[in-house]
**Student:** 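Dropping the structure in here first, questions after.
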There are 2 protein chains.
Amino acid sequence: MTAQDQKLLTDCSDCPIRHRAVCSRCEPNELDLLESMKYYRSFEAGQTVVWSGDRMDFVGSVVSGVATLTQTMEDGRTQMVGLLLPSDFIGRPGRDSSPYDVVAVTDVVMCCFRRAPFETLITETPHVAQRLLQMTLDDLDAAREWMLVLGRKTAREKIASLLLIIARRDSALQGGTGLGPVSFDLPLTREAMADYLGLTLETVSRQISALRKAGVISLEGKRHVTIPDIAALMEEAADDADGGFLV
Amino acid sequence: MTAQDQKLLTDCSDCPIRHRAVCSRCEPNELDLLESMKYYRSFEAGQTVVWSGDRMDFVGSVVSGVATLTQTMEDGRTQMVGLLLPSDFIGRPGRDSSPYDVVAVTDVVMCCFRRAPFETLITETPHVAQRLLQMTLDDLDAAREWMLVLGRKTAREKIASLLLIIARRDSALQGGTGLGPVSFDLPLTREAMADYLGLTLETVSRQISALRKAGVISLEGKRHVTIPDIAALMEEAADDADGGFLV
DNA sequence: GCCACCGGTTGATCTGCATCAAGGACTGTC
DNA sequence: GACAGTCCTTGATGCAGATCAACCGGTGGC
C-alpha cells in the first residue's frame with residue numbers, strides 16, 4: 001500500500017466514495033463522528049466477507065473493489081441478488097445476521113462501523129438515515145429492474161443488459177462523457193455472470209461470442225470489453241431509452 | 001359503504017393497518033399530524049392507479065385490497081415487480097413520477113398524503129422516516145428473494161413459492177396459527193400470476209393442475225385454494241426452512 | 001335466448017437454453 | 001519443462017416451458 005493509498009484510507013475528506021456513500025449528506029460535525037468510529041477492512045479476491053446466516057456485527061461501505069451478494073439453495077443452485085460496487089452499503093440496521101453470502105470478487109477495501117453504535121447513530125443523525133433510505137430505495141429500484149431482466153429477457157438480452165449496467169456504473173465512477181466508445185474490464189467470471197443472470201456459464205460464453213461476432217462489442221483477452229456504440233448495445237438489451245446514462 | 005366502514009376510514013386509531021403501515025411507529029402527536037393530512041382514495045378492480053412515467057403527486061398506503069407494480073417492455077412483455085397488499089406503501093419521497101404501472105387487481109382503498117407535505121414531514125418526524133426505511137429494507141429483501149425464484153426455480157417451484165407467499169401474507173393479516181390447513185382466495189388471475197413468475201399463463205394453469213393432482217393443494221372453483229399441509233408445499237417450493245411463517 | 005367476452009384448461013408442437021462432453025489458453029508450482 | 005488448476009470456448013443432444021390452437025363455463029348486454 002502506498003503512502004497515497006494510506007492517506008485515502010484514513011482521511012474522510014479525501015475518500016473516493018465521499019460524495020456517494022452513506023456519509024455523503026453529512027455535515028462536518030457528523031463526519032467527524034463517523035471518522036472517529038470507522039475502521040477499514042480488506043478482503044482478497046475470492047474471500048467470503050460474510051456467510052449467509054452468520055452473525056454480522058458490522059455494517060459498511062465498499063471503498064474499492066467489487067463484491068457480490070448471493071443466495072444458494074440446498075441443492076446448490078445459486079442466484080446473485082446484488083452487485084456491490086464502490087460506495088454501496090452492506091448490512092442492515094436492526095438485524096444481526098446476513099441472509100446472503102457476501103463474497104469479494106476482486107480485492108476489496110471496506111469502510112466499516114460496528115453495528116450497535118451505528119444503529120444508535122442513525123436514530124440521532126438524520127442525514128445518515130436519510131441517505132441510507134435513499135440508497136435503499138435505489139437498490140430496490142435496481143432489484144426490480146433486475147426482476148424484469150430475469151423474468152422476461154432472452155439470454156442475449158440478459159448479457160447485453162449486464163454489460164450496460166457495468167458500463168454505466170463504471171463510467172459514472174470514472175466520470176466518462178457517456179458518448180463515444182466505452183471500455184472496461186469485466187469484474188466477474190463467466191460463472192458469476194451466469195449466477196447474476198439466471199443462466200449457465202456455457203450460455204453466457206456463447207452469447208458473449210455472439211455479440212462479439214455481431215460487432216456489438218469487442219474483446220481484448222477474455223475480460224476487457226469495448227463497446228463501440230452504446231446505442232447498439234441498448235438495442236440488444238431491449239432497454240427502454242429511459243434510465244439514460246445514470247446509475 | 002357501511003357506517004362501520006366509514007368509521008374505519010376516518011379514525012386512525014381504528015385503522016386495520018395501524019400496526020403495520022408507515023405510521024406504525026408514530027407517537028400520538030405525530031399521528032394527529034398524519035390524521036390531519038391524510039385523505040382516502042378508492043379504486044375499482046382493474047383500474048390503473050398510476051401509469052409508468054406519469055406524474056405522481058401523492059404517496060400512500062394500501063388499506064384494503066390488492067394492487068400490483070408492473071414493468072412493461074416496448075414489445076409488450078411484462079413483469080410484475082411488486083405485489084401490494086394492505087399496509088404496503090406506494091410512492092417514493094424525492095421522486096415525482098412512478099417508474100412502474102400501479103394497477104388495482106381487486107377493489108382498493110388507499111390512505112394518501114400529498115407528496116410535498118409528506119416529504120417535509122419525513123425530514124421532521126423521525127419515526128415515519130425510520131419506519132419507511134425498515135419497510136423499504138423489507139421490500140428489498142422480498143425483491144431479492146424473488147430474484148432467486150425468477151432466476152433459478154422451475155415452473156412448479158415458482159407456483160408453489162407464490163402460493164406460499166400469498167398464504168403467509170394472508171394468515172399474517174388474519175392472525176392464523178400457521179398450523180393446520182390454510183385456505184384463501186387467489187387475488188390474481190392466471191395471467192397476473194404468470195407476469196409475477198416470468199411464465200406464460202398456460203404454464204401457470206398446467207402447474208396448478210399438476211399440484212392439485214399431486215394432492216399438494218385443492219381447489220374450489222378456480223380461485224379458492226386450500227393447502228392441507230404447508231410443509232408439503234414448502235417442499236415443492238424448494239424453500240429453505242428459514243423465513244418460517246413470517247412475511 | 002342468443003351472442004360476445006373473459007378467464008381458464010388442455011393438447012400438439014416447437015425452440016431456447018440446459019446439460020453433457022471435449023478441449024484450448026493461461027498461470028503458478030515443483 | 002511437465003503438471004495441475006482455473007477460466008473459458010465450442011459442439012452435440014435433450015427437455016422444460018413457450019407457442020399455437022381448440023374448447024369449456026360463467027356472465028353481462030340487448
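Chain naming here is simple, since letters A, B, ... match the order of the sequence lines and numbering starts at 1 in each.
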**Student:** Using the closest heavy atom to pick a nucleotide of DNA chain D for each, name whichever of A:Lys222 or B:Thr200 lands nearer the 5' end.
**Tutor:** A:Lys222
**Student:** Both B:Thr189 and A:Lys153 contact DNA chain C. Taking the nearest nucleotide for each, which residue is further toward the 5' end?
**Tutor:** B:Thr189
**Student:** Of all the choices, D:dG17, D:dC7, C:dA21, which nucleotide is nearest to the side chain of B:Ala155 once you look at every atom?
**Tutor:** D:dG17
**Student:** The side chain of B:Leu199 lies closest to which of these nucleotides: D:dC20, C:dC17, D:dA18?
**Tutor:** D:dA18
**Student:** To the side chain of A:Arg223, which of C:dT10, D:dC7, C:dT19 is closest?
**Tutor:** D:dC7
**Student:** Nearest whole angstrom, please: distance from the C1' of C:dG7 to the CG of B:Asp185.
**Tutor:** 15 Å
**Student:** Could one point to a donor on the side chain of B:Glu202 or the base of D:dC20 with an acceptor on the other under 3.5 Å away?
**Tutor:** yes
**Student:** Salt-bridged, B:Arg92 to A:Asp138, with N to O below 4.0 Å?
**Tutor:** yes
**Student:** Taking for each residue the nucleotide of DNA chain C with the nearest heavy atom, is it B:Met193 or B:Arg206 whose nucleotide lies nearer the 5' end?
**Tutor:** B:Met193
**Student:** Taking atom C1' of C:dC26 as reference, at what distance in whole Å does atom CZ of A:Arg190 sit?
**Tutor:** 14 Å
**Student:** Choose from C:dC17, D:dA18, C:dT10 the nucleotide whose nearest atom is closest to any side-chain atom of A:Thr203.
**Tutor:** C:dC17
**Student:** Using 0.5 Å steps for rounding, measure from the CG atom of B:Leu163 to the CE atom of B:Met234.
**Tutor:** 13.5 Å
**Student:** Apply the test side chain to side chain donor-acceptor pair (under 3.5 Å) to residues A:Asp195 and A:Thr78: give CA-CA distance (whole Å), side-chain angles for both, the deciding distance (0.1 Å), then the verdict.
**Tutor:** CA-CA 6 Å; A:Asp195 284 343; A:Thr78 74; 3.0 Å; yes
**Student:** Regarding B:Arg20 and B:Asp88, does a basic nitrogen lie under 4.0 Å from an acidic carboxylate oxygen?
**Tutor:** no
**Student:** Classify B:Gly198 by what it touches in the nucleic acid, base, sugar-phosphate, or nothing, heavy-atom distance under 4.0 Å.
**Tutor:** sugar-phosphate
**Student:** Find the distance A:Leu150:CG to C:dG16:P and express it as a whole number of Å.
**Tutor:** 20 Å
**Student:** Ignoring hydrogens and angles, are the base of D:dC8 and the side chain of A:Glu191 linked by a donor-acceptor pair under 3.5 Å?
**Tutor:** no
**Student:** Can you measure B:Ile208 atom CD1 to C:dT10 atom P for me and round it to whole angstrom units?
**Tutor:** 11 Å
**Student:** Whole angstroms only, please: what is the CZ-P distance between B:Arg156 and D:dC15?
**Tutor:** 18 Å
**Student:** Given atom CG of A:Leu201 and atom C1' of D:dT10, what is their separation to the nearest angstrom?
**Tutor:** 12 Å
**Student:** Which listed nucleotide (D:dT9, C:dT10, C:dC17) is nearest to the side chain of B:Arg212?
**Tutor:** C:dT10
**Student:** Nearest whole angstrom, please: distance from the P of C:dT9 to the CG of B:Leu211.
**Tutor:** 12 Å
**Student:** Rounded at 0.5 Å granularity, tell me how far SG in B:Cys111 sits from OH in B:Tyr39.
**Tutor:** 9.5 Å
**Student:** Let me know the distance between CZ of A:Arg77 and C1' of C:dT19, rounded to the nearest Å.
**Tutor:** 15 Å
